[in-house]
Amino acid sequence: MPDDDAIRCDACPVLCRIKPGRTGACDRYGNHDGQLVRLDPHIVLDRAVSRGESVVPFLEREQEWDGSLVTGRENFVTAIGAGTTYPDYKPAPFIISSEVQGVDMVTVVTEGIFSYCGIKLKIDTDRNLGAETNLVRAQGEAVGHVTTSEYGSQMLSLGGVRHLTGGSRKEGTVTCDTLLNLGNGKAAELTIDEGATVIVQAGKAPIVGGVQEKRMRVGCGAATIGMFAKQWLHKVDEVVVVDDHITGVLSEHQAGKLLGVPETGIKIKGRRSTPGRYFQVAEPGTAWGGTNIQDPLSILKSFNPRKAWPGLRLLMVSTTGEHYAYFELDEAFNPMEKDLPVSLKEPVARIKENCEPALCTVLFMGGAGGSLRAGVTENPVRLTHSVRDALTRVSCGGAPVYVWPGGGITFMVDVTRMPENAFGYVPTPALVAPIEFTLELSDYAALGGYVDHVRSLESMMSDERRRHLSAHGNNPWPLAPAKTRRET
Ligand code: SF4
């Protein structure tokens, strides 16, 4: 039976009918006395500019707006809480004019619904998380895959339209939930097929198999040899830096050769790449240098007795300095473990000192599609060209984005530079992310923008639904004329 008091939300394709006092399926919209309202506050960023007052991170300075259009403070209306345009041909929810350095500017804001989106996750760890292309799961559902490792970090690619829409309903829902949590700065537990379980959170250390990672490697094994060879000279006869990718051997490495380190007769298992650089000394794992070995001697073959000598001093160390062991050869050329000599304590500590804190980095990546671009101009390709020509600045909750070269507007943003809880979702399923386009008013008119819908910044400020936050101190201020941006 139809409920006459219910109203239709048309902010996404779900088209919820919402009864009085209730919310829609995504909890973003509600029926308030017969009015469709966006329930979360609409976020406006403040920047203190008078007297060179420093800008503090917004999370430390959340405040109530005092009602004045402040002197010495600039405001930027973000898309967080602004609402969504659907279907595509309608103008964006807010198109706001402001004057900056004598130039009339326009910011078009909307909460975009992203089906084509995902997260690129950088996890600083040497511990092997799983083989490339293996599936990444959350709550047992496939939500992404392992992609190519980077220097000192392992990379996961999560989300994407195939997991959001191409699998089962549960796969899509769990994928959306995982992206939402990570985008909003929350933790997520991920399990890699035939690999590790890892807890990840933007800006926090990863927890791999229940162990919190502390440091990311200073370099590969061979690079570590090159960096610290001089500091080991005369304190030890041989150094092996154990690494799942490239294990380094001091006496064979070019650094050792140039420093006059004599041959030691050491022999390493694995595949020799170039002098002093060995691949595949063991299987990948979560022990020494990202290998599966607990005993470093397991990667050595017998010493060559014609070159080795009793008493030869051998240091074995991992790429983070987390694992190390010291040996001396006995009369039969067998390595015997001994306490680390005092003279080697500092060189080992130096490796650790050069390892930066291990963190998780969460980059949201999305493609601005029809509703976004058509909400800005009736001729969407002109917006793409305007972004390409650097006339239009794209921001995400006020945070700077990297726009990929090539066609379309495909961008990435570091979620830690955005206000907290900037992301939402709709049950299609898809992510909802804020996006703002800022350009000069004259350029906006030239690209066929909805100039009839432009409203002043002042007219926005009187609405009590807006919440003011201080701008993130490390972000460039998003409201700057293109000419100024090009000059800086
Ligand atoms: S899911 Fe949310 S945005 Fe979509 S129609 Fe329902 S209330 Fe509106």
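For ligands, and for the atoms within them, numbers begin at 1 and follow the listed sequence. Count residues from 1 along the sequence.
- Arg162 forms no cation-pi arrangement with Tyr116, by the criterion of a distance under 6.0 Å to the ring centre and an angle within 45° of the ring axis.
- One distance of note links OG1 of Thr392 with CZ of Arg382; it measures 12.5 Å at 0.5 Å rounding.
- Environment of NE2 in His32: sparse, with no more than 12 heavy atoms of neighbouring residues, nucleotides or ligands closer than 6.0 Å.
- Side-chain polar atoms of Thr23 and Asp27 form a donor-acceptor pair below 3.5 angstrom.
- Protein nitrogen, oxygen and sulfur atoms, that is N, O or S, within less than 2.8 Å of atom 6 (Fe) of ligand 1 amount to 1.
- Within a 6.0 Å radius of CZ in Arg22, no more than 12 heavy atoms belonging to other residues, nucleotides or ligands are found.
- Of the listed residues (Asp244, Asp126, Asp124), just one forms a salt bridge (Lys or Arg N to Asp or Glu O under 4.0 Å) with Arg217, and that residue is Asp126.
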